[in-house]
Amino acid sequence: MVEVNLWSGLRAFADGKDCVEVDAKNVGEVLTGLVAQYPGLEHVIEAGVSVAVDGKVIASGLTEPVKPDSEVYLMQQLKGG
Amino acid sequence: MAFDDVKTDNFKVVGQRVKRPDGIDKVTGKAKFGADVVAPGMLFAAIIRSPHAHARIVKIDTTKAAALKGVKGFVTRADFATGLKGGNLDILENVMAGEKALYDGHAVAAVAATSALIARDAAKLVEVEYEILPHVTDVDKAMLADAPVIREGAADKSVPEGMHPNVVRYHESGHGDVEAGFAAADLVVEDSFLTEATHQGYIEPHACLAQLGKDNKGELWCCTQGHWNVQKLCAEMLGMETSQLRVTASEIGGGFGGKTAVFIEPVALALARKTNRPVKLVMSRSEVFRATGPTSSTSMDVKIGMTKDGIITAGEGTFRLQGGAFPGAPMEFTAMCAFAPYNLENVKQVGYDVLANRPKQAAYRAPGSPMAAFAVESVIDELCKKLDLDPIEVRLKNASKQGTKASFGPTWDRIGLVETLEAAQTHPHYSAPLKEGQGRGVSCGFWFNHGGETSVTLALSEDGTAQLSVGTPDIGGSRASMAQMAAEELGIPYDSVRATVADTATLGYNEVSHGSRVTYASGLATIKAARAAVKILCARAAAKWGIDEDAVVWEDGCAKPSGPNAGDFDPLPIEKLTRSMGRTGGPIVGHFEATPEGAGVSFATHIVDAEVDKETGQTKIVRYTVVQDAGKAINPTYVEGQFQGGAAQGIGWALNEEYIYGEDGRLQNAVFLDYRIPVASDLPMIDTVIVEVPNPGHPYGVRGVGETSICPPLAAIANAVSSAAGVRLKQLPMSPPRILAALDKQANG
Amino acid sequence: MQYHTPSSFDDAVAIAKDAQGVTRFLAGGTDVLVQLRADIVTPDVLIDIKKIAGVSEISREGDGWRIGVAVTGAEMTEHDTLGKEWPGLVEAMDLIGSTQVQGRATLTGNLCNGSPAADSVPAMVAAGVTVSVTGPNGARRVAVEDIPTAPGKTSLTAGEMVTAVHVPARGAHAGDAYLRFIPRTEMDIAVVGCGINLRLDGKKIIEARVSLGAVAPTVLLVEDAAKAIIGTELDDAALDALAAAASVACKPINDKRGTIEFRTHVAGVLAKRAAKIAYQRAEAAS
Amino acid sequence: MIHVSTKINGDDVEFLCDPRETLLDTLRDKLGLTGSKEGCGTGDCGACSVTMDGRLVCSCLVLGAEAEGKEIETVEGIADGENLHLLQEKFIEHAALQCGVCTPGILVATKSLLEKHPDPTETQVRYWLAGNLCRCTGYDKIIRAVMETAADLREAS
């Protein structure tokens, strides 16, 4: 299991929690795991999110590995000018 | 170099101030920009635009226009695909209005004719009947209960209940307990700030040339920051298969984020299909201002607590962004960037994305971040003044660094904010005396940077030179840095690499040139493509020598045995290997396709001196210094150029640039005469310091540099002007009437 | 659109008299062509006056000057004597637009465009410049301040055109100055403009004309402002009275370029600053 | 349509134009000289700068018909065949351009400046070029390139 930190605006869709545990070995599994546990998050994840894994921001890739002790933060999708 | 090795020193070409490969074309007028392309039999198009901020389109009558000699065809929304959803539907809706015109300048129809003059005349003869609706252009007013509803049902589920339907997205993040933090502070400052929308102001208006037959096979030439994105969006809007549309990016006359979207390209394609002729469509300057993407305007509240020693105990910000008549104002970036430079135990940031009757905002250099810095860094400056603390010392005390927790959550990797602050502190500018009437301002700024889908191919020629094909349009000299990186890896002269921006038929997908990603991502891909080619070269040498591939190394443009045990062979220079490549296994091509995810963030610290004429409110920028972390500067001259350009745009944003809407909801200043970007006589030389804290996510340590440079200027200038004027300026632009009004208010209460 | 290149003012007037629809005279084109391109005014008849003999000449007229209607700002700036006698007038013209615009823009065009913010007009009014006007009903001489009647409107009647600009003799112990306020350093339209022309007897001001631009529907000749400094040595009290009179005369609007409060205040500031420059110039000319 | 005979970059040229057509339209669309750019169409950006009888103007504020009997110089005429003008060399060397769309106008304007004022101050250069907008560079490297060109040209003469 890996702890996933949500931005606080998402608490409304995750039973009031801003940190949840999912079973995941990569970023893609983190996202599918989140939706499986909290279907309310689906619209957010479908709209696009980025994930910070151990301080590195994964803008879009689903294959980046995640370890059980990784620090994982869900972030709003990154883009640029 | 092995495929994934990191190289940090002994560079031969990287770091040199080489001349750009397209230099001669650019100084002789040969370079082909968007409007410079022609096709046999081509028609010229013009767009009919709404003069109303908000109106239902009742009827479009082209009868009179069609009677004009030379007119060949019209398109309206009915000529585009149906069934689009979400963001793509928004883009189509913006490209060509459906039921309603949502802002002054919104396209409602288009015409193609045999000359540009006839097309313009025809556009004037198209009769559009509107039912005028109530409008709102101000972000705060758009959130009020009685504001007209711009689009029903546009809000997503993030928006808390009870908000006006114009509030379409909501963001909240942070950690700790801000109330406890404020309670622990010796001083809390809370204030509200406003910024107006600004435009990227690229000098080249959008332009394109389209061909599209009844067989739905198309060609498009356009000035864009990302032609694969244009291909994808246009194909969808025209109902074509993506691969049937080939898009070629012309030279691009500035973008800064504003050419990441599509505006006229689908219209030109639709007209081309309708008339069965090539169609050229070029925007006028006023169309650029009225109907492309400016930034959001903002209304912001920021509250920060500080101890008397300068430790920030808590920070809280609310950021309301108006992004035009469509969702997408970058309020989450405003929120996430706001406190990013600081290591805060208690922080909370809230963002609102609000609709208004204005054009759909587009990215502009670090979208959302400069406004956040304006609000936050102004409050920090006020705290420093009130507590009599040095602004750089305070920022150093609170600075984010490797291992601290970012305001938006994660733990920072290696970052260079402290290094920029230290370099600013010791820069002669910071200790230089100020004259009467002058003030000095300091600000930090932050931007995430981006990786994105990237494809690069490097093909070796028989003579040992290299053709490098990248897919990211060159918006500021990037072909030079790409060629430098390829030359470095191959061990050949810089001039022996020809870097080209390839069309969509030539490479895999490439994300738009945005997010300061080009030198990072296309650079990384170039290095890896070159290493892939080198691997083949080494294999060819190994085969020739009859030794193991692993026993061959690549140095100085030659294959060499890796050591005495590998065998005793003379080095094989690249041209010997390429000359025989057809007979030793075929052409040698390295390529790399990936979505690199290691774009390092970038921080900057700016110092600025401003002089304010207290009788007229006029501000003069007298000295400016940019200090920014570039990770590794591939071509320092062009890195400096990015720093200077961002600072200059920030100066414009801070002092004079703004979208001015009348009571009628129409844009009043859609010309360069009244949309006042800095001219040469407005600016001083802009000093630069390149800090290099390598990005662990790039083989040479590159961090994107294009965007961060616009994050600190608004605040740095506001802090300088506030010092010089003796009154805090909280609204941008700090135009002379606003400065005089602030002085007057201070004097008369 | 018809395009004509008459070779005499008589021909030009004849074309204008018979013209159907909107008629415009083309000298430098820096307003006419902008309005054409922006679909603000599309003339039916465009009369290019640059082929008329003498229109590009600056010549002596008594002790004053005659400036041809197609003389550009650049040509005025490059003239070796005009700017020494009338620095305020030449500088006012030079402030209009860019170097490129200076290569085309003319005093007459600036006047006939009818903008209250035209930079050269307050300077001309302060200097007491007059223009020759010719039309179907003959010729007349008109003071510059009597040409503009409202934004974009002039007192010229159908078929009438300006044929020359007359700058009076400079005379002794006199100086002029023009200052404008713009937010940038160049390329803007004046938010406020102020032209001052004065003559000294010793240190005392004996004649003065003060004009203001961009603070009313037309450029103003402000007699009360002139009275405030006539008879003074431009001491602080006189300057304050000048500023007050200038501000009082303002009847500005709020628009994208400035507010009522701002324009009113800055008119006074500029009047003081311009008066000091004109005074110094008059002293230096003594 | 109006028949116009003119000289462009030393070559005799004839063309027909609509009276509403600007010199810029003519250069770009009729004569294929696309080096001059339209950035605004209102004389505010300078990207269309050319000289007409030696006088710097915005070609968007000149009618094609007004070119009759004139001598026009555009960016395409600055280099002497293969040989770049020193100003062009310096612009490349100093990276005085990023996107390059303002560059033709700035080169034409600067050449005109240096012909009239071979020893300009920085302030003089900045004011001369105030009608040439550049959005990429912040002007710093442009000003450096111009000042260095001026110095080198003075030394060479």
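Labels below follow one simple rule: chain letters A, B, ... track the order of the sequence lines, proteins then strands, and each chain is numbered from 1.
- Within the 4.5 angstrom heavy-atom criterion, atoms from both the backbone and the side chain of Leu133(D) approach chain B.
- Salt-bridge formation is detected for the pair Asp121(B)/Arg20(D): a Lys NZ or Arg NE/NH1/NH2 atom is positioned less than 4.0 Å from an Asp or Glu carboxylate oxygen.
- At a 4.5 Å heavy-atom cutoff, Ala647(B) makes no contact with chain D through either its backbone or its side chain.
- Closest heavy-atom contact between Leu683(B) and Tyr139(D): CD1-CD1, 3.6 Å.
- A donor-acceptor pair is defined here as one N or O able to donate and one able to accept, closer than 3.5 Å; such a pair exists between the side chain of Asp140(D) and the backbone of Ile686(B).
- Taking a cutoff of 4.0 Å between a charged side-chain nitrogen and a carboxylate oxygen, Arg126(D) and Asp682(B) do not qualify as a salt bridge.
- Between Glu38(D) and Arg285(B) there is no salt bridge, since none of the side-chain N atoms of the basic residue sits less than 4.0 Å from a carboxylate O of the acidic one.
- Ranked by heavy-atom pairs shorter than 4.5 Å toward chain D, the options Gly201(B), Gly476(B), Ser284(B) are led by Gly201(B).
- Interface check for chain B: of the options Arg144(D), Glu21(D), His94(D), the most heavy-atom pairs under 4.5 Å are formed by Arg144(D).
- At a 4.5 Å heavy-atom cutoff, the contact between Gln200(B) and chain D is made by backbone atoms alone.
- A salt bridge links Glu657(B) with Arg135(D): the closest approach of a Lys/Arg side-chain nitrogen to an acidic carboxylate oxygen falls below 4.0 angstrom.
- Using a 4.5 Å cut-off on side-chain heavy atoms (C-beta onward), Glu76(D) and Thr28(B) make no contact.
- Between atom CD of residue Glu204(B) and atom SG of residue Cys102(D) there is a gap of 11.5 Å, rounded to the nearest 0.5 Å.
- Ile203(B) has its side chain out of reach of Lys37(D): every pair of non-hydrogen atoms, C-beta onward, lies at least 4.5 Å apart.
- The greatest number of non-hydrogen atom pairs below 4.5 Å with chain B, out of Pro104(D), Cys45(D), Cys40(D), is found for Cys40(D).
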Before giving the answer on side chain to side chain contact (heavy atoms under 4.5 Å, CB included), spell out for Arg17(B) and Glu93(D) the whole-Å C-alpha distance, their side-chain angles and the decisive distance to 0.1 Å.
CA-CA 9 Å; Arg17(B) 295 172 183 265; Glu93(D) 183 188 324; over 6 Å; no
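- Taking every heavy atom of both residues into account, Gly39(D) and Phe672(B) meet most closely at O-CE1, 4.0 Å.
- Contacts between His85(D) and chain B at a heavy-atom distance below 4.5 Å are absent for every atom of the residue.
- In this structure, chain D has no heavy atom under 4.5 Å from any part of Glu251(B).
- Heavy atoms of Ile24(B) lying under 4.5 Å from chain D belong to its backbone as well as its side chain.
- Counting only distance, with no hydrogens or angles, the side chain of Tyr202(B) and the backbone of Cys99(D) share no donor-acceptor pair below 3.5 Å.
- Looking at Lys32(B) and Thr34(D), their side chains come closer than 4.5 Å, going by heavy atoms from C-beta outward.
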Show your reasoning for whether side chain to side chain contact (heavy atoms under 4.5 Å, CB included) applies to Arg20(B) and Leu97(D).
CA-CA 10 Å; Arg20(B) 61 193 292 160; Leu97(D) 57 133; 3.7 Å; yes
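- Between Phe91(D) and Val27(B), the closest heavy-atom pair is CB-CG1, 4.1 Å.
- Within 6.0 Å of NZ in Lys620(B) there are 12 or fewer heavy atoms belonging to other residues, nucleotides or ligands.
- Contact count versus chain B (heavy atoms, under 4.5 Å) is highest, among Thr137(D), Thr103(D), Leu129(D), for Thr137(D).
- Contacts with chain B were tallied for Asp29(D), Thr74(D), Thr42(D), Leu84(D); Leu84(D) has the most, counting heavy-atom pairs under 4.5 Å.
- Across every non-hydrogen atom of Ala95(D) and Thr637(B), the tightest pair is CB-CG2, 3.3 Å.
- Ranked by heavy-atom pairs under 4.5 Å with chain D, the first of Ala648(B), Ala31(B), Gly477(B), Pro678(B) is Pro678(B).
- Among Lys141(D), Glu122(D), Glu89(D), the residue with the largest count of heavy-atom pairs under 4.5 Å with chain B is Lys141(D).
- When all heavy atoms of Ala130(D) and Ser681(B) are compared, the closest pair comes out as CB-OG, 3.7 Å.
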